[in-house]
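A short write-up of the structure that comes next.
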Amino acid sequence: MAHSAPAVPLGALEQGCPIRVEHDRRRRQFTVRLNGCHDRAVLLYEYVGKRIVDLQHTEVPDTYRGRGIAKHLAKAALDFVVEEDLKAHLTCWYIQKYVKENPLPQYLERLQP
């Protein structure tokens, strides 16, 4: 029998407060704090050229999955690419999926093969 971790309430998120994505440019990551500041979801990226970023990895703790948190991280990262007039390489499978489900022209025109 499979064992799954118990669901953890999202605190403020459960009460209708919006998910807030923070961007740490120095560490090259987007984060969402969960359950106060103990847990967090993260999207990591690296510059692989002067104007090219590689969106590498998105991770949401198991107990918070399925709540749309990764979508907020993906949108924030892609909006950053657009706002900064960058190109993006999508190593992360989740961001590849997000772009397929949200094929906005401003995202598609910035993708690197």
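Please read these numbers as outputs of a predicted model, since none were measured by experiment.
- Partners of Ala41 according to the side-chain contact (heavy atoms from CB on, under 4.5 Å) rule, which considers only residues two or more places apart in sequence or in another chain, are Val32, Leu34, Val60, Pro61, Ile69, Leu73.
- In terms of the side-chain contact (heavy atoms from CB on, under 4.5 Å) criterion, residue partners of Asp79 (sequence neighbours excluded) are, by chain and number, Lys75, Glu83, Tyr107.
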Go through the steps for Thr58 and Tyr98 under the test side chain to side chain contact (heavy atoms under 4.5 Å, CB included), then give the verdict.
-> CA-CA 11 Å; Thr58 304; Tyr98 179 86; over 6 Å; no
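- Here Gln112 pairs with nothing under the side chain to side chain donor-acceptor pair (under 3.5 Å) rule; sequence neighbours left out.
- Across Ala74 and Tyr94, no two heavy atoms sit closer than the pair CB-CE2, 4.1 Å.
- The side-chain contact (heavy atoms from CB on, under 4.5 Å) test applied to Gln29 returns Asp24, Arg27, Thr31, Arg40, Val42, Leu44, not counting sequence neighbours.
- Connection of Val82 to Leu111 is established within a shared hydrophobic cluster, with ILVMFWY side chains joined at heavy-atom distances below 4.5 Å, either directly or through further cluster members.
- Asp39 contributes atom CG, which lies 12.5 Å from atom CZ of Arg33 (distance to the nearest 0.5 angstrom).
- Checked against side-chain contact (heavy atoms from CB on, under 4.5 Å), Leu86 has the following partners two or more places apart in sequence or in another chain: Tyr47, Arg51, Val53, Phe80, Val81, Glu84.
- With hydrogens and angles disregarded, no donor-acceptor distance shorter than 3.5 Å links the side chain of His57 to the backbone of Tyr45.
- Not a single salt bridge (charged side-chain N to carboxylate O under 4.0 Å, His left out) links Lys87 to another residue, sequence neighbours left out.
- Partners of Glu46 under the side chain to side chain donor-acceptor pair (under 3.5 Å) rule, at least two apart in sequence or in another chain, are Arg28.
- Glu109 is linked by a salt bridge (charged side-chain N to carboxylate O under 4.0 Å, His left out) to nothing, counting only residues two or more places apart in sequence or in another chain.
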Can you list the steps and then say if Ile95 with Leu43 is a side chain to side chain contact (heavy atoms under 4.5 Å, CB included)?
-> CA-CA 10 Å; Ile95 300 174; Leu43 184 153; 3.4 Å; yes
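- The CG atom of Leu90 sits 13.0 Å away from atom CZ of Arg110, with the distance rounded to the nearest 0.5 Å.
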